[in-house]
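Everything below concerns the one structure shown next.
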Amino acid sequence: MKSIKLFLTDVDGTLTDGGMYYTADGDYMKRFNTRDGMGLQLLQRQGVKVGIVTSENTTIVERRAEKLGVDYLVQGKRFGGKLEAVMAICAESGIELADVAYIGDDVNCLQLLRAVGHPACPADAMPQVKAVPEIKIMTLNGGQGCVREFANTFIDDSEF
């Protein structure tokens, strides 16, 4: 079993299936998988910090993060902004990028995926993401439990 200090995930295409559901009134919704949330909470029980790093900036994600009690929520970061945000988190927490796990699915995640010690992606990630050296490609798609599948790599389930 590998050891990490920080586990991070993208949202659209990773915690969700990437779909945007719009109502006639212009409201939109996202579908999250409860197993992914449980995976984050199990990691926290083991002392691993968890967080969400996403390009979007929505109340929906803020509410999901609050419900899960994640340690970090970073929204509105595209391309290099994700890596910069995670480097800031690591600097303030005394965590090395080698001890960070991150799962993302699209080109705006590439810099961060290339920098962390434990990169992963959903089975349906973009080809450029799947080509990141040493990336772990999940068997599940985004929104279908791929974050939990990756989290299980680090969860010590001997207490269950």
Exercise for the section: Kindly determine whether Q75 and T58 satisfy side-chain contact (heavy atoms from CB on, under 4.5 Å), including the steps that lead there. Expected result: CA-CA 8 Å; Q75 295 197 83; T58 67; 3.9 Å; yes
Exercise for the section: I would like to know whether Q46 and I155 meet side-chain contact (heavy atoms from CB on, under 4.5 Å); could you show each step before the answer? Expected result: CA-CA 8 Å; Q46 292 180 190; I155 294 171; 3.4 Å; yes
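- Side-chain contact between V48 and L6 is absent, with no heavy atoms from C-beta onward closer than 4.5 Å.
- Within 6.0 Å of NZ on K130 lie more than 12 heavy atoms contributed by other residues, nucleotides or ligands.
- Between L83 and A115 the shortest heavy-atom distance is CD1-CB, 3.6 Å.
- Going from atom CG of L97 over to atom CZ of R114 covers 14.5 Å, rounded to the nearest 0.5 Å.
- Here D10 pairs with K82 in a salt bridge; the nearest charged N to carboxylate O distance falls below 4.0 Å.
- Distance check: R148 CZ to N152 CG gives 5.0 Å after rounding to the nearest 0.5 Å.
- For the pair D106 (side chain) and N108 (backbone), a donor-acceptor distance under 3.5 Å is absent.
- For the atom pair R63 CZ and F32 CZ, the distance stands at 11.5 Å (nearest 0.5 Å).
- A distance-only check finds a donor-acceptor pair linking the side chain of E149 to the backbone of L140 [under 3.5 Å].
- Remark: aromatic rings of Y22 and Y28 are close, center separation under 6.0 Å.
- Once rounded to the nearest 0.5 Å, the distance linking CD1 of I103 with CG of L113 reads 9.0 Å.
- In this structure, the separation between CG on D124 and SG on C146 is 7.5 Å, given to the nearest 0.5 Å.
- Nearest heavy-atom pair across A65 and L73 is CB-CD2, 3.9 Å.
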Practice task
Evaluate the side-chain contact (heavy atoms from CB on, under 4.5 Å) criterion for residues D105 and M126: first the C-alpha distance (whole Å), next the side-chain angles of each, then the deciding distance (0.1 Å), finally the verdict.
Solution key: CA-CA 6 Å; D105 72 303; M126 294 303 297; 5.6 Å; no
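- Here CG of L112 is found 11.0 Å from CD of E84. Values are rounded to the nearest 0.5 Å.
- A distance-only check finds a donor-acceptor pair linking the side chain of T16 to the backbone of G13 [under 3.5 Å].
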Practice task
Show your working on side-chain contact (heavy atoms from CB on, under 4.5 Å) between V50 and L8 and close with a plain yes or no.
Solution key: CA-CA 6 Å; V50 301; L8 302 168; over 6 Å; no
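- A 6.0 Å sphere centred on CD of Q128 holds more than 12 heavy atoms belonging to other residues, nucleotides or ligands.
- Of all the heavy atoms in A85 and K77, the pair that sits closest is CB-CG, 4.3 Å.
- A pairwise comparison of heavy atoms in A120 and M138 identifies CB-CE, 4.1 Å as the closest pair.
- More than 12 heavy-atom neighbours from other residues, nucleotides or ligands sit within 6.0 angstrom of CE on M20.
- In this structure the side chain of D99 never reaches within 4.5 angstrom of the side chain of I4, judged on heavy atoms.
- The shortest non-hydrogen separation linking T9 to T14 is OG1-CG2, 3.4 Å.
- With K30 as the partner, the side-chain contact (heavy atoms from CB on, under 4.5 Å) test is satisfied by one option alone out of L15, D12, D17: D12.
- Under a hydrophobic-cluster definition in which Ile, Leu, Val, Met, Phe, Trp and Tyr are linked whenever side-chain heavy atoms come within less than 4.5 Å, directly or via other members, V132 and M87 are assigned to the same cluster.
- Side chains of D71 and Q44: a donor on one and an acceptor on the other come within 3.5 Å.
- Checked against the 6.0 Å centroid threshold, F150 and H118 do not count as a close aromatic pair.
- The shortest side-chain heavy-atom distance between R64 and I60 does not fall under the 4.5 Å cut-off.
- Taking a 6.0 Å sphere around CD of E134, one finds it holds 12 or fewer heavy atoms contributed by other residues, nucleotides or ligands.
- You'll find the ring centres of F7 and Y102 outside the 6.0 Å limit.
- Here the closest non-hydrogen pair linking V147 and D36 is N-OD1, 3.2 Å.
- Put simply, the side chain of K49 does not reach to within 4.5 Å of the side chain of I89, judged on heavy atoms.
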